Amino acid sequence: MQQAEIGLIGLGVMGSNLALNIAEKGNRIAVFNRTPARTKEFVAEAGALAENIIGCETIEEFVAAIRPPRPIIIMIKAGDAVDQQMEQLKPLLEANDILIDAGNTNFRDTIRRFDSLKDTGLTFIGMGVSGGEEGARHGPSIMVGGTEESWKRVEKVLTSISAKFNGDPCVAWLGTDGAGHFVKTIHNGIEYADMQMISEIYGILRDGLGMSAREIGEVFGQWNKGRLNSYLIEISETVLKADDPITGNAMVDMIVDAAGQKGTGKWSAIEAQNMGVAATGIEAAVAGRVLSSQKAERVAAEAIFGLPAPAEKPHDGMGFLADLENALLAAKIAAYAQGFAVMAAASKENGWDLPMPTIARIWRAGCIIRSQFLDEITSAFTKQPDVANLIVTPAFSQMVKDTDASLRRVVSYAALSGIAAPALSSALAYFDSYRRARGTANLIQAQRDFFGAHGFDRVDGKEYHHGPWGSGASIY
Ligand code: 6PG
């Protein structure tokens with residue numbers, strides 16, 4: 001039998017769809033699942049694509065079915081299972097075989113696994129895959145980390161299965177060891193911020209303006225034709241217009257307001273903190289999900305405090321809707337700017353040399369945050385790859401100038417109405433902090449010096465680094 005050019009372990013939803021995508025693009029693939037019944041079922045359901053698929057019942061059979069040097073995609077739950085799978089495979093593999101972890105893995109685990117294979121002749125790729133089930137089946141965005149040589153060996157097959165933006169494949173090699181998984185983590189952090197900001201706008205339309213789910217869906221549908229055009233706005237429209245088959249109510253009104261999370265948003269926030277980068281949108285989004293999950297406490301608190309009446313709208317009719325649209329754009333700019341700043345810092349720290357224009361480019365299609373907006377980010381970074389912050393590029397600074405007044409009005413309205421808008425508010429605070437040359441940390445420095453003799457720099461550069469605090473201060 002003709003050997004496969006690639007193998008895949010793990011026939012869950014993502015693994016199955018990825019395998020079908022690989023087979024459909026004319027690549028011969030061997031597949032293996034822990035439970036052989038699933039492998040049989042998968043091959044039986046593959047239809048005409050089964051021609052390109054070799055279903056294997058044992059791991060030995062699976063390895064033998066792939067032509068060396070073997071690229072093997074592992075698409076199983078991130079964590080210990082990946083280490084166990086690697087241990088099971090290792091004795092069966094030969095020099096130059098490549099293990100490719102395609103799960104949502106913490107990049108620190110990826111670096112550890114990459115290093116652990118260094119002297120074995122085997123290589124490791126940490127590969128971020130975004131786009132959910134549909135993306136895996138018909139074209140995901142793929143973020144690759146590993147050696148450049150191992151990338152070259154899988155480039156063709158990964159390019160064939162990736163999403164395309166105007167014909168341009170949404171896959172790239174981003175750097176060594178954990179680079180791909182790190183970029184996927186930040187993708188998810190931005191995804192959290194994007195989703196949180198959209199849901200805050202939904203909250204203002206629902207609880208402030210009293211609009212129905214369907215009406216809000218209409219608004220998002222309109223916005224999707226403009227600058228906010230994106231997959232997340234598009235699915236928000238669809239979701240808001242769907243009815244519950246049981247009650248006939250809007251489906252979204254029947255869903256408990258407690259968000260789940262699997263950890264990638266939290267990792268993004270943690271890494272931003274580790275790197276000393278302010279990623280307030282991502283942090284607000286993670287905290288928003290945490291508070292959302294404390295449903296019983298929130299119900300009890302509402303009974304104590306009640307809710308304020310919605311404030312007077314800053315504009316009549318369409319004016320406020322335009323403000324909301326602009327506010328979402330302004331806040332989105334801040335969140336993306338923060339995400340890219342985290343990646344820039346991580347790139348330096350880990351010696352990756354992450355290519356910012358390429359990252360924006362491969363996020364334009366296939367992934368969950370795909371949008372027209374990312375094409376504009378691609379252009380901005382292509383012109384200035386080393387810019388300190390996306391916000392100060394000519395195109396984005398103009399966008400912020402055009403929209404920050406709207407964000408200000410929307411955040412004020414939400415605050416006066418008692419509607420929580422942590423991500424939108426954090427975006428405004430981030431912008432106001434970032435663009436003010438003289439901030440207020442001089443007082444913090446004075447306080448630190450008072451109680452801890454930590455010293456400060458003077459604005460006139462003079463060599464006198466402690467204050468005249470007198471008795472009570474720790475330096476006297
Ligand atoms: C993607 C998604 C995908 C997954 C998230 C969901 O890019 O395709 O981000 O990876 O849906 O992990 O994460 P939460 O369960 O944490 O929301």
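Each ligand, and each atom within it, is numbered from 1 in the order the structure gives. It should be emphasised that the depicted structure is a prediction, and the values quoted were computed from it without experimental measurement. Throughout, residue positions are numbered sequentially from 1 according to the sequence presented.
Among the candidates Asn21, Ile29, Ile22, the single residue satisfying the side-chain contact (heavy atoms from CB on, under 4.5 Å) test with Lys25 is Asn21.
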Would you mind listing each N/O atom of ligand 1 next to any protein N/O under 3.5 Å, plus the distance?
residue: ligand 1; atom: 7 (O); partner: Ser130; partner atom: OG; Å: 2.5
residue: ligand 1; atom: 7 (O); partner: Lys184; partner atom: NZ; Å: 3.2
residue: ligand 1; atom: 8 (O); partner: Ser130; partner atom: OG; Å: 3.4
residue: ligand 1; atom: 8 (O); partner: Gly131; partner atom: N; Å: 2.9
residue: ligand 1; atom: 8 (O); partner: Gly132; partner atom: N; Å: 3.1
residue: ligand 1; atom: 9 (O); partner: Asn188; partner atom: OD1; Å: 3.1
residue: ligand 1; atom: 9 (O); partner: Asn188; partner atom: ND2; Å: 3.1
residue: ligand 1; atom: 9 (O); partner: Glu191; partner atom: OE1; Å: 2.7
residue: ligand 1; atom: 9 (O); partner: Glu191; partner atom: OE2; Å: 3.1
residue: ligand 1; atom: 10 (O); partner: Asn104; partner atom: ND2; Å: 2.8
residue: ligand 1; atom: 10 (O); partner: Lys184; partner atom: NZ; Å: 2.8
residue: ligand 1; atom: 12 (O); partner: Asn104; partner atom: ND2; Å: 3.1
residue: ligand 1; atom: 12 (O); partner: Asn188; partner atom: ND2; Å: 3.4
residue: ligand 1; atom: 15 (O); partner: Lys262; partner atom: NZ; Å: 3.1
residue: ligand 1; atom: 16 (O); partner: Tyr192; partner atom: OH; Å: 2.4
residue: ligand 1; atom: 16 (O); partner: Lys262; partner atom: N; Å: 2.7
residue: ligand 1; atom: 17 (O); partner: Arg289; partner atom: NH1; Å: 2.8

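A salt bridge does not link Glu149 to Lys152: none of the charged side-chain nitrogens sits closer than 4.0 Å to a carboxylate oxygen.
At a cut-off of 3.5 Å, with distance as the only test, a side-chain donor of Ser150 or Thr147 sits close to an acceptor on the other residue.
Remark: Asp386 engages no residue in a side-chain contact (heavy atoms from CB on, under 4.5 Å) (not counting sequence neighbours). For Thr264, the side-chain contact (heavy atoms from CB on, under 4.5 Å) partners are Asn104, Asn188, Tyr192, Trp267, not counting sequence neighbours.
Each ring-ring contact (aromatic ring centres under 6.0 Å, His included) pair with one or both residues in residues 327-347, not counting sequence neighbours, appears once here: Tyr336-Phe373, Phe340-Trp363, Phe340-Phe381.
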